[in-house]
Enquirer: 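Let me begin by handing over the structure; questions about it come next.
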Amino acid sequence: MNRYLPITYIYAREILDSRGNPTVEVEVVLDGVYEARASVPSGASTGQYEAVELRDGQERYLGLGVEKAVSNVNTKIANALLGENALSQGYIDHLLIDADGTENKSNLGANAILPVSMAVAKASAKALGLPLYQYLGGIRTDSMPVPMMNILNGGRHSKNSLDFQEFMILPVGAENFKESIRMGTEVYHKLKLILNKDQMVSAVGDEGGFAPDLKNAREALEYLMKAVELAGYDPGKDVVFAMDAAASELLNERTGCYDFPGEGSQEGCQISRSTNEMIDYYESLTAEFPLVSIEDGLAENDWEGWQKLTCRLGQNIQLVGDDLFVTNTRRISCGIKLQTANAVLIKLNQIGTLTEAFDAIHMAHKAGYRTIISHRSGETSEDMIADLAVACGSGQIKTGAPCRAERTAKYNQLLRIQEELGELASFRNPFAVDDGREQSS
Ligand SMILES: C=C(OP(=O)(O)O)C(=O)O
Ligand SMILES: [Mg+2]
């Protein structure tokens, strides 16, 4: 095999994401033969410190266009990369970073840079005849992730009364990944039955979870309990729960407190919680329900609050930084120093290249933080994060409800990977008390 595989073609086009907004898809060809395609997702509750998604001033469909990002790929990025060796992913990604020349990729746009970085890796795997997860992860790639399925949507992802953004189930009691998908899907269907019986709306939010007008987080978790039981599973043993509060979206900058407009509308009064009250609230929810993971429990700049939260709950509860860390090693290292959170959500488009995402994963694992590979609320049928989750041994993947093609694309790719790995595939409950397993890095 020739160890030099030149990039001979790069082309970007505009496609639609799952919210009907424009996004970027890129095709690359290596050595005139090996082709691959990759596309980028888009967030709604984006962190302040994410790499910049370049949008045109002009409204297209519901959102802003990506003509500039597309043109940046077809001109500046193509000029920088054509003829370069695709097998050197680190070098390619650094050429992309240099071509942009800014700290936050605001020049070319993370939505121009990332699909190129991804497509180059996909084409390289193809050229080497390796499954993508193995190309990305090497020989120790046998760990299937537990799915974090977001089956009740709120916050910025739907127009209902739930203030917290995501209520997720994790079928940790499954024997293997395939069984975890079956269990999670059974619970999802039972939840629909229960909501319908209670005359609740079972239309879905952006990530495919139901979006009824529930009173508050407690009621949402009660519904999850009922659905798990109706599906014949034991909550806390077979299936545990996770939440993404997306608290940066709730912060009232003026008062420094977190506002709950949906809960307030249900109660007929204004509801607001201070940082300390938020922590008390989480503590009571984790005492009442098998809630093992809370993401963005506090806002992205509230480092002091995060320290308190970690001190109070970090021993027993997975505290995930999404907006807090934005897959950025500078912010993750700050979190590690301050002992805030104990897990990092990994979103490729928050940082903009595969190499930098791997840097973030390695830094987190080295410090004993867990990682969770994640989709965005606006997705495409791109399934690369499934391979990434296996490649880096994250042990958890967050990619929405088990419905809607842009979400099932990732679960279905994982089902294929499990089949391919056969008996080699391992599947572990990351929350098992006696689980001494280290994440691979
Ligand atoms: C997936 C998420 O939503 P978005 O893509 O809107 O940031 C999240 O906040 O974890
Ligand atoms: Mg989040």
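Sequential numbering from 1 along the given sequence is applied to the chain's residues. Note that ligands are numbered from 1 as they come in the structure, with each ligand's atoms numbered from 1 the same way.
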Enquirer: Where does the angle between the aromatic ring planes of Phe427 and Phe177 fall among parallel (under 30°), tilted (30 to 60°) and perpendicular (over 60°)?
Expert: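 If you compare the ring of Phe427 with that of Phe177, the planes turn out perpendicular.
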Enquirer: For the pair Phe164 and Phe260, name the ring-plane relationship: parallel under 30°, tilted 30 to 60°, perpendicular over 60°.
Expert: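 Ring orientation, 0 to 90° scale: perpendicular.
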Enquirer: Among all protein heavy atoms, pick the one closest to atom 10 (O) of ligand 1 and tell me residue, atom and distance.
Expert: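 Looking at atom 10 (O) of ligand 1, the protein heavy atom closest to it is Lys398 NZ, 2.6 Å.
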Enquirer: Please check if the number of heavy atoms outside Gln270 that lie under 6.0 Å from its CD is greater than 12.
Expert: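 Result for CD/Gln270: open.
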Enquirer: Hey, is the main chain of Ser117 close enough, under 3.5 Å, to the side chain of Gln89 for a donor-acceptor pair?
Expert: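 Indeed, once roles are kept as given, a pair shorter than 3.5 Å links the two residues.
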Enquirer: Out of all atoms in ligand 1, which are within 4.0 Å of some heavy atom of Gly43? Include the element for each.
Expert: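 Ligand 1 atoms under the 4.0 Å threshold to Gly43: 4 (P), 5 (O), 6 (O).
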Enquirer: Any nitrogen or oxygen of Ser374, main chain or side chain, under 3.5 Å from a nitrogen or oxygen of ligand 1?
Expert: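 Among all N and O atoms of Ser374, none is under 3.5 Å from an N or O of ligand 1.
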Enquirer: Which of the atoms in ligand 1, numbered in the order shown and given with their element, are less than 4.0 Å from a heavy-atom of His375?
Expert: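 Atoms satisfying the 4.0 Å criterion: 1 (C).
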Enquirer: Between OE2 of Glu295 and OD2 of Asp244, what angle is found at the Mg ion (ligand 2), rounded to 10 degrees?
Expert: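 Answer comes to 80°, rounded to 10°.
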Enquirer: Do any heavy atoms of Ala246 fall under 4.0 Å from ligand 1?
Expert: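 The answer is no: ligand 1 sits nowhere under 4.0 Å from a heavy atom of Ala246.
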Enquirer: Hey, is ligand 1 close enough to Glu295 that some N/O pair sits below 3.5 Å?
Expert: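 Yes, at least one N or O pair falls under 3.5 Å.
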Enquirer: Tell me, yes or no, whether the heavy-atom count around Glu420 atom CD, taken from other residues, nucleotides or ligands under 6.0 Å, exceeds 12.
Expert: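 Yes - once you tally the heavy atoms of other residues, nucleotides and ligands closer than 6.0 Å, there are more than 12.
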Enquirer: Pull out every atom of ligand 1 sitting under 4.0 Å from any heavy atom of Asp322, numbered as shown with elements.
Expert: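 What qualifies from ligand 1 is 8 (C), 9 (O), 10 (O).
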Enquirer: Please give me the minimum heavy-atom distance between Leu309 and Leu319, naming the atom from each residue.
Expert: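 Looking at all heavy atoms of both residues, the closest pair is O-CD1, 3.8 Å.
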Enquirer: Please say whether more than 12 non-hydrogen atoms of neighbouring residues, nucleotides or ligands are located less than 6.0 Å from CD in Glu304.
Expert: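 Counting other residues, nucleotides and ligands, CD of Glu304 stays at 12 neighbours or fewer.
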Enquirer: Report, in ascending order of atom number, the atoms of ligand 1 lying under 4.0 Å from any heavy atom of Glu166.
Expert: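 Those qualifying, in numeric order: 1 (C), 2 (C), 8 (C), 9 (O), 10 (O).
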Enquirer: So, is Gln165 polar-close to ligand 1, with some N/O to N/O distance under 3.5 Å?
Expert: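 N/O-N/O distance below 3.5 Å exists for this pair.
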Enquirer: With respect to Leu345, determine whether any N or O atom, backbone or side chain, lies less than 3.5 Å from an N or O atom of ligand 1.
Expert: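 There is no such contact.
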Enquirer: When only distance counts, is Arg19 in polar contact with ligand 1, meaning an N/O pair under 3.5 Å?
Expert: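 No, there is no polar N/O contact under 3.5 Å.
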Enquirer: Among protein heavy atoms, which sits nearest to atom 8 (C) of ligand 1, and what does the distance come to when rounded to 0.1 Å?
Expert: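 The closest one turns out to be Lys347 NZ, 3.1 Å.
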Enquirer: Give a yes or no answer on whether the side chain of Lys192 reaches the backbone of Phe210 with a donor-acceptor pair at less than 3.5 Å.
Expert: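 Such a contact is absent between Lys192 side chain and Phe210 backbone.
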Enquirer: May I ask which of His157, Met148, Arg376 has a heavy atom nearer to atom 3 (O) of ligand 1 than the others do?
Expert: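 Checking each option, the heavy atom nearest atom 3 (O) of ligand 1 is found in His157.
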Enquirer: Report the name of the N/O/S atom of Asp322 located nearest to the Mg ion (ligand 2).
Expert: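 Distance check against the Mg ion (ligand 2) picks out OD2 in Asp322.
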Enquirer: So for atom CD, which belongs to Glu277, do other residues, nucleotides or ligands contribute more than 12 heavy atoms lying within a distance under 6.0 Å?
Expert: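 Counting neighbours around CD of Glu277, more than 12 heavy atoms of other residues, nucleotides or ligands fall under 6.0 Å, so yes.
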Enquirer: Treating Asn150 as the side-chain partner and Met168 as the backbone partner, does any N or O pair qualify as donor plus acceptor under 3.5 Å?
Expert: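 A pair under 3.5 Å: no.
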Enquirer: To which protein heavy atom is atom 4 (P) of ligand 1 closest, and what is the distance rounded to 0.1 Å?
Expert: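 Heavy-atom neighbour on the protein nearest atom 4 (P) of ligand 1: Ser377 OG, 3.4 Å.
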Enquirer: How far is atom 1 (C) of ligand 1 from its nearest protein heavy atom, and which residue and atom is that?
Expert: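 Atom 1 (C) of ligand 1 sits closest to the protein heavy atom Glu207 OE2, 3.3 Å.
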Enquirer: Please check: side-chain N/O of Asp163 versus main-chain N/O of Gly262, any donor-acceptor pairing under 3.5 Å?
Expert: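 Checking the backbone N and O of Gly262 against the side chain of Asp163, a donor-acceptor pair under 3.5 Å is found.
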Enquirer: Any N/O/S atom of Asp296 sitting less than 2.8 Å from the Mg ion (ligand 2), backbone or side chain?
Expert: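 Asp296 does not place any N, O or S atom closer than 2.8 Å to the Mg ion (ligand 2).
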Enquirer: Pull out every atom of ligand 1 sitting under 4.0 Å from any heavy atom of Asp244, numbered as shown with elements.
Expert: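 Those of ligand 1 that fall under 4.0 Å from Asp244 are 8 (C), 9 (O), 10 (O).
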Enquirer: Is there a polar contact, in the sense of an N or O pair closer than 3.5 Å, between Ser42 and ligand 1?
Expert: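 Looking only at distances, the answer is no, because the N/O contact criterion of under 3.5 Å is not met.
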Enquirer: Crowded around Glu419 CD? As in, over 12 foreign heavy atoms under 6.0 Å?
Expert: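 Count not over threshold, so no.
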